[in-house]
Amino acid sequence: QQDQRNWAAGAEGERQVAAALEPLAQFGWTALHDVRWPGRPQANIDHIAIGPGGVVVMDAKNETGDVTLADGRLRQNGYGRERELDGVAQATAAVTALLAPQHRSAVSGLLVLAGQEQPPTTTASGVPVVGRLQLAAHLAGRPARLTPYEVAGIGGLLQGQLTGPRSPGLATTAALERPARKPRRGARRPARAMAGPPRPTQARKAPSARELRRRREAKEALLKAVIF
């Protein structure tokens, strides 16, 4: 029963955060909810917002009890929540690797507290935390990073990658190899390996006397045919 209550509380927190993102549509933002986590078939990412201010990967937490953020550390009832912050960082990295290199710097992570008010504050781990009621204003106030065309392109890419029947594999920057260079003009190409040793040249046999006589008779017959 405790697991069911935790699941229900988490689902309600995600619903509330999704509702908080809706007003951003008028400012050019779009959002994906409950999408697949690249490289983790059994996990999901709560929300991804794509807009002029960049791509924001979000984890919604509907924490209960005493939730505090002080000295760069997020605590619930006195216990640190570094694991949740690390999860946001990992999800952000997984989504970043799906994008083209020129768009990767526009991706960031965000932990959203669904049940608490919290001004945007960056933790010691580098992951910002914000309350649900402050979320829309925080995203709308970000400096522009993407054009409307880029927002539409990235949104379509992530929707295709993360809402399919299977979770995409975890991409890395190493997978984006440069194409092989073409040989320079005039450069010598490596010799091809021979299938086997060259066949020895066979010496021609001298024609026999009979063969020579046959050739001479054929030549004479040809000359007579031409003359007559």
Taking all atoms of both residues into account, what is the closest heavy-atom pair of [X] and [Y], and its distance?
{"X": "Met58", "Y": "Ala49", "answer": "CE-CB, 3.6 Å"}
{"X": "Arg142", "Y": "Val56", "answer": "NH1-CG2, 3.3 Å"}
{"X": "Pro41", "Y": "Arg36", "answer": "O-NH1, 4.3 Å"}
{"X": "Pro52", "Y": "Gly28", "answer": "CD-O, 3.6 Å"}
{"X": "His47", "Y": "Ala60", "answer": "NE2-CB, 3.9 Å"}
{"X": "Gly169", "Y": "Pro38", "answer": "O-CB, 4.0 Å"}

Residue pair [X] / [Y], side-chain heavy-atom distance below 4.5 Å:
{"X": "Ile154", "Y": "His103", "value": "yes"}
{"X": "Pro128", "Y": "Thr122", "value": "yes"}
{"X": "Arg81", "Y": "Glu63", "value": "yes"}
{"X": "Ser167", "Y": "Asn44", "value": "no"}
{"X": "Leu139", "Y": "Leu21", "value": "yes"}
{"X": "Glu82", "Y": "Arg73", "value": "yes"}
{"X": "Leu146", "Y": "Val55", "value": "yes"}

key: Side-chain donor or acceptor of Arg145 paired with backbone N/O of Gly51 under 3.5 Å   =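 Not confirmed, Arg145 side chain does not pair with Gly51 backbone.
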
task = Verify, without hydrogens or angle tests, whether Arg132 (side chain) and Ala20 (backbone) share a donor-acceptor contact under 3.5 angstrom.
result =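 Side chain of Arg132 to backbone of Ala20, a donor-acceptor pair under 3.5 Å: no, none is there.
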
[atom1]/[X] to [atom2]/[Y] distance, rounded to the nearest 0.5 angstrom?
{"X": "Gln90", "Y": "Asp59", "atom1": "CD", "atom2": "CG", "result": "11.5 Å"}
{"X": "Asp34", "Y": "Arg15", "atom1": "CG", "atom2": "CZ", "result": "14.5 Å"}
{"X": "Leu135", "Y": "Gln16", "atom1": "CG", "atom2": "CD", "result": "12.0 Å"}
{"X": "Thr68", "Y": "Leu74", "atom1": "OG1", "atom2": "CG", "result": "7.0 Å"}
{"X": "Asn77", "Y": "Arg75", "atom1": "CG", "atom2": "CZ", "result": "12.5 Å"}

Say whether [X] and [Y] are linked into one hydrophobic cluster, either directly or through other cluster members, by side-chain heavy-atom distances under 4.5 angstrom.
{"X": "Leu85", "Y": "Val130", "answer": "no"}
{"X": "Leu111", "Y": "Val35", "answer": "no"}
{"X": "Val112", "Y": "Phe27", "answer": "yes"}

task = Any chance you could lay out the side chain to side chain contact (heavy atoms under 4.5 Å, CB included) test for Val127 and Thr92, step after step, and finish with the verdict?
result = CA-CA 10 Å; Val127 176; Thr92 302; over 6 Å; no

query = Can you tell which of Ile50, Leu99, Leu98, Ile48 makes a side-chain contact (heavy atoms from CB on, under 4.5 Å) with Val107?
reply =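 In the set Ile50, Leu99, Leu98, Ile48, the residue that makes a side-chain contact (heavy atoms from CB on, under 4.5 Å) with Val107 is Leu99.
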
request  = Give the C-alpha distance, both sets of side-chain angles, the deciding distance and a yes or no for side chain to side chain contact (heavy atoms under 4.5 Å, CB included) between Asp46 and Val17.
outcome  = CA-CA 9 Å; Asp46 291 343; Val17 172; over 6 Å; no

request  = Give a yes or no on whether Asp71 atom CG has more than 12 heavy-atom contacts from other residues, nucleotides or ligands under 6.0 Å away.
outcome  =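 Open: at most 12 neighbouring heavy atoms sit under 6.0 Å from CG of Asp71.
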
task = Take atom CD of Gln42 as the centre, draw a 6.0 Å sphere, and report whether it contains more than 12 heavy atoms from other residues, nucleotides or ligands.
result =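 No, not enclosed.
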
task = Begin with the C-alpha distance, continue with both residues' side-chain angles, and end with the deciding distance and a verdict on side chain to side chain contact (heavy atoms under 4.5 Å, CB included) for His138 and Leu110.
result = CA-CA 11 Å; His138 170 61; Leu110 190 62; 4.1 Å; yes

message = Could you go through Gln118 and Leu69, starting from their C-alpha distance and side-chain angles, then the distance that decides it, and tell me whether this counts as side chain to side chain contact (heavy atoms under 4.5 Å, CB included)?
response = CA-CA 9 Å; Gln118 174 63 52; Leu69 178 55; 3.8 Å; yes

